[in-house]
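Since the structure comes first, as structure tokens, the remarks are kept for the end.
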Amino acid sequence: MYTVSPGPGREPYYCSAGFAILVKGVRYILTAGHCTEHGLDWQGIGPNVDTHFPVTDYGRVRDLSGSGHSQVDLHDGSTQRILRAGIPQVGQPVCKSGMTTKKTCGKVLGLNQTVNYGKDKQVVGTIATDIPIESGDSGGPLFYGGVGYGVLSGGNSQVSFFQPLRPVLAAYGATLA
């Protein structure tokens with residue numbers, strides 16, 4: 001969905017946008033913290049604001065794009081409005097949207113999972129799903145219908161892990177836009 005600009009002479013890298021949020025009336029895009037840890041601007045959106053990674057995996061980008069409400073791109077020309085943040089149940093259906101694999105769905109495998117990415121990069125408290133992901137999907141939203149559940153931290157072709165949305169909104173004092 002979005003290219004993160006590293007500057008002249010360096011290769012860009014790709015992450016997906018999660019949810020539009022409001023903090024004290026200011027609009028941000030919520031994504032994975034490992035997508036914002038380099039402090040780089042996001043093309044077409046705005047500047048990186050903060051990052052929380054490892055242990056948790058979320059960060060904000062100031063949204064200067066003038067977009068509307070928090071909507072998930074379904075990659076078929078339509079969007080899904082996200083009305084509230086929820087806590088999923090094990091076994092329930094969920095979908096994710098990402099730049100690389102687009103909209104794909106599966107089910108929740110577990111809650112409060114710890115994932116170790118190596119090099120002392122561990123994230124605790126994640127939502128595990130059976131939705132396959134690829135590079136560039138990081139930061140994308142986990143949702144079902146109008147309910148948002150989390151942003152993609154990582155995974156592989158078998159399992160994916162999401163930073164839960166509710167604790168992030170609470171940490172920022174944020175609401176969905």
Side-chain angles (χ1 to χ4, degrees), residues 1-2 4 13-21 28-37 51-61 69-76 78-172 174-177:
M1 289 202 187
Y2 296 99
V4 181
Y13 66 96
Y14 301 92
C15 280
S16 297
F19 300 97
I21 61 172
Y28 300 92
I29 297 296
L30 179 65
T31 189
H34 71 270
C35 291
T36 60
E37 71 178 333
T51 190
H52 301 271
F53 179 75
V55 181
T56 55
D57 193 4
Y58 63 92
R60 290 184 291 180
V61 175
H69 297 288
S70 195
Q71 298 181 36
V72 173
D73 183 351
L74 300 179
H75 297 283
D76 63 0
S78 67
T79 59
Q80 167 69 56
R81 174 93 190 268
I82 303 300
L83 303 171
R84 66 182 179 87
I87 300 170
Q89 300 297 310
V90 173
Q92 89 167 63
V94 286
C95 299
K96 73 99 193 82
S97 179
M99 165 180 174
T100 306
T101 60
K102 312 301 182 207
K103 178 191 172 198
T104 51
C105 300
K107 67 179 181 290
V108 175
L109 299 176
L111 303 175
N112 201 27
Q113 302 293 301
T114 297
V115 58
N116 188 342
Y117 296 116
K119 298 182 183 175
D120 296 322
K121 304 260 179 160
Q122 187 177 70
V123 179
V124 300
T126 67
I127 301 164
T129 77
D130 65 355
I131 303 171
I133 59 101
E134 293 180 20
S135 179
D137 288 336
S138 288
L142 180 69
F143 64 99
Y144 194 76
V147 182
Y149 295 113
V151 293
L152 179 61
S153 175
N156 55 38
S157 63
Q158 306 293 314
V159 63
S160 51
F161 300 93
F162 295 81
Q163 169 73 52
L165 180 58
R166 275 191 172 176
V168 173
L169 293 177
Y172 282 135
T175 59
L176 290 168

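The OG1 atom of Thr56 sits 5.5 Å away from atom CD of Gln163, with the distance rounded to the nearest 0.5 Å. To the nearest 0.5 Å, atoms OH (Tyr117) and OG (Ser153) are separated by 3.0 Å. Between Ile133 atom CD1 and Thr101 atom OG1 the span is 7.5 Å, to the nearest 0.5 Å. Distance CG/Asp57 to NE2/His34: 5.5 Å, rounded to 0.5 Å. The distance from atom OH of Tyr149 to atom CG of Leu111, rounded to the nearest 0.5 Å, is 11.0 Å. One distance of note links CG of Leu152 with OG of Ser97; it measures 10.5 Å at 0.5 Å rounding.
Taking each heavy atom of Pro54 and Asp120 in turn, the nearest pair found is CG-O, 3.9 Å. In this structure, Phe19 and Pro141 approach most closely via the heavy-atom pair CZ-CB, 3.4 Å. Residues Tyr144 and Cys95 share a closest heavy-atom pair of CD1-SG, 4.2 Å. Residues Ala85 and Leu165 approach most closely at CB-CD2, 3.7 Å, considering heavy atoms. Taking both residues in full, the closest heavy atoms of Ala32 and Ser138 are given as CB-C, 4.4 Å, listed atom of the first, atom of the second, then distance. For the residue pair Met99 and Asp137, the shortest heavy atom distance occurs at N-OD1, 3.4 Å.
Judged by distance alone, with hydrogens and angles left aside, the side-chain atoms of Tyr28 form no donor-acceptor pair with the main-chain N or O of Ala174 at under 3.5 Å. No donor-acceptor pair under 3.5 Å is formed between the side chain of Lys121 and the backbone N or O of Val55. Listed for the Thr31 side chain is a donor-acceptor partner under 3.5 Å among the backbone atoms of Ser16. Side-chain atoms of Gln113 do not come within 3.5 Å of backbone N or O of Gly110 as any donor-acceptor pair. Using modelled atom types, one side-chain atom of Ser160 and one backbone atom of Ile131 make a donor-acceptor pair closer than 3.5 Å.
Between the side chains of Thr79 and Gln71, at least one donor N or O lies within less than 3.5 Å of an accepting N or O. With no hydrogens or angles considered, no side-chain donor-acceptor pair links Thr100 and Tyr14 at under 3.5 Å.
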One pair to check against side-chain contact (heavy atoms from CB on, under 4.5 Å): Asp76 and Lys103. What are the steps and the verdict?
CA-CA 9 Å; Asp76 63 0; Lys103 178 191 172 198; over 6 Å; no

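When each of Ile127, Asn156, Thr126 is checked for a side chain to side chain contact (heavy atoms under 4.5 Å, CB included) with Phe161, only Thr126 meets the rule.
Heavy atoms of other residues, nucleotides or ligands lying less than 6.0 angstrom from NZ of Lys102 number more than 12.
By the 30° and 60° cut-offs, the orientation of the rings of Tyr172 relative to Tyr58 is perpendicular.
At a threshold of 4.5 Å between non-hydrogen side-chain atoms, the residues Val61 and Thr36 count as touching.
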